[in-house]
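We count ligands from 1, going down the list as the structure has it; atoms in each ligand are counted the same way.
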Amino acid sequence: MSANLYTVLRAGFPQDREAIAIECIRAEDGATTRRWTWAELDALTAQMANLLAACELPAGARVAARVEKSVEALCLYLATVRAGYVYLPLNTAYQRAELEYFLGDATPSVVVVADAARDWVEPLAAPIGARVLTLNADRTGTLMARAETQSPEHTPATVIGEDLAVILYTSGTTGRSKGAMLTHANIAANARVLERYWGWSDRDVLIHALPIFHIHGLFVAANGALLAGARMLWFDRFDPARVIERLPEATLFMGVPTMYTRMLAEPSLDRGACRTMRLFIAGSAPLLPETHAAWQARTGHAVLERYGMSETGMLTSNPWQADERHAGQSERRAGTVGFPLPGVELRIRDEQGRPCGVDEVGGIEVRGPNVFKGYWRMPEKTREEFTSDGFFKTGDVGRIDARGYVSIVGRARDMIISGGYNVYPAEVETFINALPGVAESAVVGVPHPDFGEVGVAVVVPRQGITIDPEALLASLKKDVANYKVPKRCFVIDELPRNTMGKVQKNVLRSAYQQLFVSSSTSRSS
Ligand code: MLC
Ligand code: AMP
């Protein structure tokens, strides 16, 4: 069988290509705006792949996309891998400075943006010789206009499994984002494992309400449904009440913990609404045991929590049904991320590299066919992050209990997970420090009832300067993605430092620990 990821996914499409593959739902009013058959999906993907082929891009060319969620955007991803090029999804929240970095680093040959962004993206694309195509949320733009003139037939490009399919940028602890290089084989291997472990079938109907510029929405959810030939109820954005309205037509839902807490706040969420549901899956951030318990009490369903990352795809999962590898255990245990997935080797080692015993806490290291090829144009960084025997150091800290369940207890990196998005304080501090009047700053994560965790900025002004915290946050919003902007800013005279001169972030963290939550709901993650 061909190694092209698109061929692998298409092999899972149902025989009846006139069946509905995707029903698009507008979150604003819950209306169905369009239905796509499997044949239409395949045809548009072919047209876009033919368009890319007609552009005569160099081998391994990158196609970057910073576009709103749409089925057309999903087709652009599929078309890029079908044509043998490398897809580079970018969050629409990214602003100029972020985009300038990604385009300069990845040097894509094609950049797809909405017409509204064209004016400021073209000057960033010109120096790297990238052509700019447009795709708007309403299907208009040069990409669709040109694709529609192409043939709806296309033979997927011949690739080997080791060829790159996607680059996913993950923020860096030192401010420089790293592009995780994922191959056709990496992505296909993970999709196949999840298909079996979660019991996907063409009878499934997935509510897809996640963004598609990250691994959760693009691979775990969308690839999963495509490979299984399962229908998707495709929300243009997440809205808790609208999603609950559609649960009685669905069997599967995937979301970040914020989505679960927001749905729990809706009185319409009850057992009746979940009567057709087979499985609720959560990930990207820790699901609080209280949320797990509240969900089970209200709906009768134990949420299945899993763990993964851009570099590796999914690594562990609570069981969907009895796991024979683990004495037939089937319990979905709150506060854990379950067992290593079949084919994933996962070990925990202490700082000296010694294996940890049961319940001992250490760094999580992984190896398997799903683990990425390395960081784009960063061979040194890649070498640092792998052990000599080929395990990737995830940067997550965890333990494994006597029953084999893995728990994440912390992170070796200074990182905040806010509503499922990763925010690196070092990156945000760099932007704050560049603002006029700022001498230095520190960003720390504190618990938040909606987003799980959010950033708080502590800023020291230059001598004789007065800083207005609100104005500072407003100007920061022009530079960085909105979810990275700290929710509060405090101006102080001096940052607390230890005798080595290092900023004591733990002191700041405890000072602001209860800014958004009462002590009873506060947690440390
Ligand atoms: C939105 N806002 C956030 C935020 N999302 N602030 C902090 N953290 C977040 N995650 C802020 C915006 O800045 C804005 O502020 C205001 O909320 C409204 O913005 P919005 O876009 O309308 O928000 P909303 O639609 O409510 O989005 C919330 C959300 C979204 C939870 C639906 O954040 C989301 O889709 N999260 C999922 C992220 C995801 O897919 N992660 C997977 C990564 S892959 P203002 O001030 O401008 O009004 C991964 C690996 C793995 O981690 O294991 O899966
Ligand atoms: P990303 O780099 O955006 O892919 O984010 C990956 C990170 O999200 C992981 O390294 C973990 O720190 C975190 N993560 C993902 N799933 C979970 C989970 N279920 N519980 C805790 N952290 C998680």
Side chain, backbone, both or neither: which part of Arg237 comes within less than 4.0 Å of ligand 1 when only heavy atoms are counted? neither
For Met314 and ligand 1, does the shortest N/O to N/O distance drop below 3.5 Å? no
Can you confirm, on distance only, whether ligand 1 has an N/O atom lying under 3.5 Å from any N/O atom belonging to Gly419? yes
Heavy-atom proximity to atom 44 (S) of ligand 1, best of Ile215, Leu168, Val256: Ile215
Pairing residues for Arg298 by the side chain to side chain donor-acceptor pair (under 3.5 Å) criterion, not counting sequence neighbours: none
NZ or CZ of Lys178 within 45° of Tyr375 ring axis and under 6.0 Å: yes
Looking only at N/O atoms, are Tyr307 and ligand 2 under 3.5 Å apart anywhere? no
Any N or O on Ser284 sitting closer than 3.5 Å to an N or O of ligand 1? yes
Tell me whether Arg347 forms a cation-pi arrangement with Phe391, defined as NZ or CZ under 6.0 Å from the six-membered ring centre and within 45 degrees of its axis. yes
Minimum distance, heavy atoms only, to atom 28 (C) of ligand 1: which one of Met309, Arg262, His448 is it? Arg262
In ligand 2, the atoms that come under 4.0 Å of a heavy atom of Met415 are 12 (O)
Only heavy atoms of Arg413, strictly under 4.0 Å: list the atoms of ligand 2 that pass. 10 (O), 12 (O)
Counting only nitrogen or oxygen atoms and a 3.5 angstrom limit, does Ser418 reach ligand 1? yes
Taking a cutoff of less than 4.0 Å between a non-hydrogen atom of the residue and any ligand atom, is Arg306 in contact with ligand 2? yes
Note: heavy atom closest to atom 40 (O) of ligand 1, options Pro211, Gly452, Pro486, belongs to Pro211
Could you tell me whether Pro286 approaches ligand 2 through its side chain, its backbone, both or neither, with non-hydrogen atoms closer than 4.0 Å? both
For ligand 2, which part of Ala285 has a heavy atom less than 4.0 Å away: the side chain, the backbone, both, or neither? backbone
Please confirm whether Ser310 comes within less than 3.5 Å of ligand 1 when only nitrogen or oxygen atoms on both sides are compared. no
Atom 43 (C) of ligand 1: which of Gly420, Pro257, Gly283, Ala474 has the nearest heavy atom? Gly420
Closest to atom 30 (C) of ligand 1 (judged by heavy-atom distance), picking from Phe213, Tyr307, Phe238, Tyr421: Tyr421
Ranking Leu210, Thr92, Thr258 by closest non-hydrogen atom to atom 31 (C) of ligand 1, top hit is Thr258
Proximal candidate to atom 12 (C) of ligand 1 [heavy atom criterion; set Thr261, Asn91, Asn482]: Asn482
Answer with side chain, backbone, both or neither: which part of Tyr483 has a heavy atom less than 4.0 angstrom from an atom of ligand 1? both
Identify every side-chain donor-acceptor pair in residues 207-218 under 3.5 Å, counting partners at least two apart or on other chains, and give the distances.
unit_1: His208; atom_1: ND1; unit_2: Lys69; atom_2: NZ; d: 2.8
unit_1: His208; atom_1: NE2; unit_2: Gly217; atom_2: O; d: 2.8
unit_1: His214; atom_1: NE2; unit_2: Asn91; atom_2: ND2; d: 3.2
unit_1: His216; atom_1: ND1; unit_2: Ser284; atom_2: OG; d: 2.7
unit_1: His216; atom_1: ND1; unit_2: Arg306; atom_2: NH2; d: 3.2
unit_1: His216; atom_1: NE2; unit_2: Arg306; atom_2: NH2; d: 3.3

